[in-house]
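Just so we're on the same page: letters track the sequence lines, and every chain starts at 1.
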Amino acid sequence: MSGAEQKKSHNASGLARRTSAASCPACVMKLGAMRISKTLIPTLKEAPAEAEVPSHILMVRGGYLRKLAAGIYSFLPLGWRVVQKISRIVREEMNRAGAQEVFLPAVIPGELWQESGRWDHYGDQLLRFKDRKGADFVIGPTHEEVIVDLVRHDVRSYRQLPLTLFQIQTKFRDELRARAGLMRGREFIMKDAYSFHTSEEDALREYKNMYEAYTRIFTRCGLAFRAVEADTGAIGGSQSHEFQVLTETGEDAILACDKCDYAANIEEAKARSVAATPSGAPAPAVEKVATPGKRTIEEVTAFLGCQPHELVKTLIYLADGKPVAVLVRGDRSANDVKVKRVLGCTELVLAADKAVEEITTAPVGFAGPVGLRIPIYCDHEVCALPSFVCGANAADLHLRNVVSKRDFSPTQCGDFRQAALGDACPRCQHGHFTGYRGIEVGQVFFLGTKYSAPMKCNFLDTDGKEKPMVMGCYGIGVTRIAAAAIEQNHDADGIIWPVPIAPFEVSLLSLQVGDAQVTAVAERLHDELQKAGVDVLFDDRDERPGVKFKDADLIGMPYRITVGKKGVAEGVVELKARRAPEVLKVKIEDIVRVVVDKVERERAGGLA
RNA sequence: CGGGGCGUAGCGCAGUUGGUAGCGCGCCUGCUUUGGGUGCAGGAUGUCGUCGGUUCAAAUCCGGCCGCCCCGACCA
């Protein structure tokens, strides 16, 4: 029975006539079996030229996904089943964690965004439009405003708190450049949750609760992932973790300690502060050296015969328009996120060449801290150097033997550099950083009162005083999980789905549709597997075996049962895991039990 | 938004010097084959992105616009 027939029969029997599939427990729990001959699975031998990354190519080739416009996709039956399987896991775990599901509007009045202040700050990613009366609206890229508006109207007392609400919604972010299919689309499906508390302690308790729920969710999805410390970015707040699916091709760089469990986005990874290197004798006085035309670290080190870590880079930034200097060692990069946080500015950009020349009174490439009359932010490593080489703020001149605090006064010493592979772990004593790449599929934030205070989302506390609620918010990219899962699980022939989120758990191939015995066995297995609760995709097409094998590999169900003439004559069928090369011959009477065993063992993903 | 590239049949692509469009895959029909995208024969399918210009004549030359992809900037 196909999914559509199944649904029809529910309706015909008078069950929940007007309920959607999503709210019918039977339909949600079992997506059921399908026959390929009756299903829209338009596989392609060649992928459209526009698809480049594996997940995008394979989802298009496998008949999961079609593009409607840049970054906007239609999900075909296979693709939608994946989304439903992921959503189900997310929903179950959110419910288990005590969150309540709601469904908020995708279209949001602009005035709510004006109230939170994000109307002016969110930028062009926010898709805005007017209704017929000329009123401003946006399509929600996230829903803090809506949820806060809801809660501030209906939650007044500490007695009603804490409260965690979530939804699974289509979001729209008008990305500057949509790319890589579902990985960075403009329209995408997201689970977003928001929690409301009477105190920071309680909000932090929920943060941990959600962190654990997320760990369960990604484990159940069968993904290799890591939770890493993250930048809180524009959403604000003071604590955040990203959940990263580990892949070779991920957009994000992650540094993780090889000894302890510290891991962070490279944008966030702390650099251990280093103690000043004790030097025997104090450095000699500052000395000017001629370095004609030597601007870059490479040129200067080659010319003076010293090492990059003996040099200091002086970077001139404009922080909300005001010039500041940031000093890092010559072999390091500055980390804008860290600088921005210490400065507390909203905009931080490297100064243009012309501005640098005005500020340093020298051509670009000869900036240095000595004599500079703007705030100077000095990385720990620079302060720890016994002495160093830097620009002299004059054309074709550098300074040697410069010592921090002796020859110039840093405004502040701190962690301003980008952490790097091999760095000592900032948390434990023995570890060093190793690198991964990842795809961010979830993030948890401790928000505090960033939204509740300006939007007056207050409650009456036990002391009779009105206070802003303390909030957290927690997102999961449902459609991005599908893409990340493929990035992590594919080979040259196609997708290799983990059982928990595979559109079907088993592909059943009937090799000779014209053969009565083969057909009888295949039909019987189809019925029995379905009865046993296995999601089975039955390839009953009158196609050559090669076509069926190729399609089965491409669309990537975790198990494949092959019913062929030779095998049936011997009373066996073949069982193959998509991930492994071995082909197993199994007696026809045993195959259902064997497959059910394997599938059931894997349904819980890594939680098994 | 900066740099680069592309737009011709459902998909992948070719189209020379300007002369009114072709190949492979897919699709339809018949036969054939039947354990890794069979073979043969026949067939259908185009606003050559769009608007304008040059020309007797434009997929081809020129200009505007639109769309798409890649790199960068950007990104709860």
Side-chain angles (χ1 to χ4, degrees), chain A residues 42-53 56-57 60-61 63 66-72 116 118 121-126 140-145 147 171 173-181 183-186 188 190-194 230-237 239-243 251-252 265 267 336-337 347-350 440-447 450-451 471-477 480 492-494 509-515 518 539 541-554 560 562-569 573-574 576 583 585:
Chain A
T43 57
L44 260 29
K45 275 191 192 169
E46 286 176 292
E50 67 195 28
E52 279 222 336
V53 299
H56 189 194
I57 292 171
V60 174
R61 281 196 55 210
R66 289 293 183 265
K67 186 176 78 174
L68 182 64
I72 302 177
S116 72
R118 289 208 290 185
H121 288 114
Y122 208 87
D124 291 336
Q125 253 194 65
L126 186 60
T142 171
H143 278 76
E144 282 81 5
E145 282 80 0
I147 200 83
K171 311 279 184 189
R173 290 182 195 171
D174 201 355
E175 293 278 349
L176 285 157
R177 183 154 88 79
R179 73 187 89 166
M183 219 116 78
R184 186 174 281 281
R186 294 194 293 171
F188 56 96
M190 173 172 219
K191 186 285 303 180
D192 48 326
Y194 308 89
D231 179 32
T232 50
I235 201 159
Q239 193 178 353
S240 178
H241 284 85
E242 285 170 355
F243 288 77
E251 281 188 324
D252 294 329
N265 193 306
E267 291 297 321
D336 294 5
V337 173
E347 190 191 56
L348 182 76
V349 287
L350 269 175
E440 182 196 338
V441 289
Q443 190 162 10
V444 292
F445 291 90
F446 173 80
L447 281 182
K450 182 180 161 82
Y451 294 90
M471 290 179 60
C473 76
Y474 321 92
I476 287 182
R480 192 184 268 186
D493 294 315
L509 310 194
S510 167
L511 251 34
Q512 292 87 14
V513 174
D515 185 295
V518 168
D539 194 342
R541 295 173 300 172
D542 186 10
E543 286 285 356
R544 291 176 52 82
V547 173
K548 299 193 177 194
F549 286 130
K550 285 287 183 192
D551 272 350
D553 286 347
L554 175 61
R560 186 184 81 195
T562 309
V563 184
K565 199 152 52 173
K566 289 177 209 158
V568 167
V573 294
E574 284 168 13
K576 181 180 177 301
V583 177
K585 290 196 172 178

Open item on the list: Heavy-atom nearest nucleotide on RNA chain B for A:Y122 versus A:P545: which residue maps closer to 5'?
Closed with: A:P545
Task: Which residue lies more 5' along RNA chain B, comparing A:K171 with A:A47 via nearest heavy atoms - done: A:A47
TODO: Could you tell me whether A:K585 and A:E574 have a side-chain N and a carboxylate O separated by less than 4.0 Å?
DONE: no
Supply the atom-to-atom distance [X] [atom1] to [Y] [atom2], rounded to the nearest 0.5 angstrom.
X: A:N265; Y: A:E242; atom1: CG; atom2: CD; value: 4.5 Å
X: A:R61; Y: A:D551; atom1: CZ; atom2: CG; value: 9.0 Å
X: A:F549; Y: A:R560; atom1: CZ; atom2: CZ; value: 5.0 Å
X: A:C473; Y: A:F446; atom1: SG; atom2: CZ; value: 11.5 Å
X: A:H241; Y: A:F445; atom1: NE2; atom2: CZ; value: 12.0 Å

Nucleotide opposite [N] in a Watson-Crick or G-U pair, distances under 3.5 Å:
N: B:G67; value: B:C6
N: B:U16; value: none
N: B:A41; value: B:U29
N: B:C48; value: none
N: B:C1; value: B:G72

Please write out each protein N/O paired with an N/O of nucleotides 67-70 of chain B under 3.5 Å, distance rounded to 0.1 Å.
residue: B:C68; atom: OP1; partner: A:A70; partner atom: N; Å: 3.1
residue: B:C68; atom: O3'; partner: A:K67; partner atom: NZ; Å: 3.1
residue: B:C70; atom: OP2; partner: A:R177; partner atom: NH1; Å: 3.3

Between [X] and [Y], which heavy-atom pair has the shortest distance, and what is it?
X: A:R177; Y: A:R184; result: O-CD, 3.9 Å
X: A:I57; Y: A:E52; result: CD1-O, 3.3 Å
X: A:R118; Y: A:T142; result: NH2-CG2, 3.5 Å
X: A:G71; Y: A:A178; result: CA-CB, 3.7 Å
X: A:G564; Y: A:L511; result: CA-CB, 4.1 Å
X: A:R186; Y: A:D174; result: NH1-OD1, 2.9 Å

What interatomic distance, in whole Å, is found between [atom1] of [M] and the corresponding atom of [N]?
N: B:U55; M: B:C11; atom1: P; answer: 36 Å
N: B:C69; M: B:G49; atom1: C1'; answer: 15 Å
N: B:U54; M: B:G63; atom1: C1'; answer: 11 Å
N: B:G39; M: B:G26; atom1: P; answer: 9 Å
N: B:C48; M: B:G18; atom1: C1'; answer: 15 Å
N: B:C66; M: B:G30; atom1: C1'; answer: 45 Å
N: B:G22; M: B:U45; atom1: P; answer: 12 Å

Starting at atom [atom1] of [X], determine the distance to atom [atom2] of [N], rounded to an integer number of angstrom.
X: A:D542; N: B:U38; atom1: CG; atom2: P; result: 13 Å
X: A:K565; N: B:G36; atom1: NZ; atom2: P; result: 14 Å
X: A:I57; N: B:G12; atom1: CD1; atom2: P; result: 12 Å

Collect all protein-nucleotide pairs involving nucleotides 22-24 of chain B in which both atoms are nitrogen or oxygen and the distance is under 3.5 Å.
residue: B:G24; atom: N2; partner: A:E46; partner atom: OE1; Å: 3.3

Open item on the list: Quiz question: going by heavy-atom distance under 3.5 Å, is there a donor-acceptor pair between the base of B:U34 and the side chain of A:R544?
Closed with: no
Open item on the list: Less than 3.5 Å apart, any donor N or O on the side chain of A:E144 or A:S116 sitting next to an acceptor on the other?
Closed with: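 Checked: A:E144/A:S116 side chains show no N/O donor-acceptor pair below 3.5 Å.
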Open item on the list: Distance alone, cut at 3.5 Å: any donor-acceptor contact between the side chains of A:S510 and A:Q512?
Closed with: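 Note: A:S510 and A:Q512 side chains miss the donor-acceptor criterion.
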Please write out the pairs of protein N or O atoms and N or O atoms of nucleotides 39-41 of chain B separated by less than 3.5 Å, giving the distance to one decimal.
none

TODO: Please state whether the phosphate of B:G37, meaning OP1 or OP2, lies under 4.0 angstrom from any side-chain nitrogen or oxygen of A:K548.
DONE: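 No, because none of the side-chain N or O atoms of A:K548 sits under 4.0 Å from OP1 or OP2 of B:G37.
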Open item on the list: Restricting to salt bridge (Lys or Arg N to Asp or Glu O under 4.0 Å), what partner residues turn up for A:D493, sequence neighbours left out?
Closed with: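 Not a single residue meets the salt bridge (Lys or Arg N to Asp or Glu O under 4.0 Å) criterion with A:D493.
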- [ ] Taking salt bridge (Lys or Arg N to Asp or Glu O under 4.0 Å) as the test, write out the residues that go with A:E46, two or more places apart.
- [x] none
Have a look at [X] and say if it touches a base, only the backbone sugar-phosphate, or nothing, with a 4.0 Å heavy-atom cut-off.
X: A:Y194; answer: nothing
X: A:P141; answer: base
X: A:L44; answer: nothing
X: A:D192; answer: nothing
X: A:R61; answer: base
X: A:R480; answer: nothing

With 3.5 Å as the limit, what N/O pairs link the protein to nucleotides 27-32 of chain B?
none

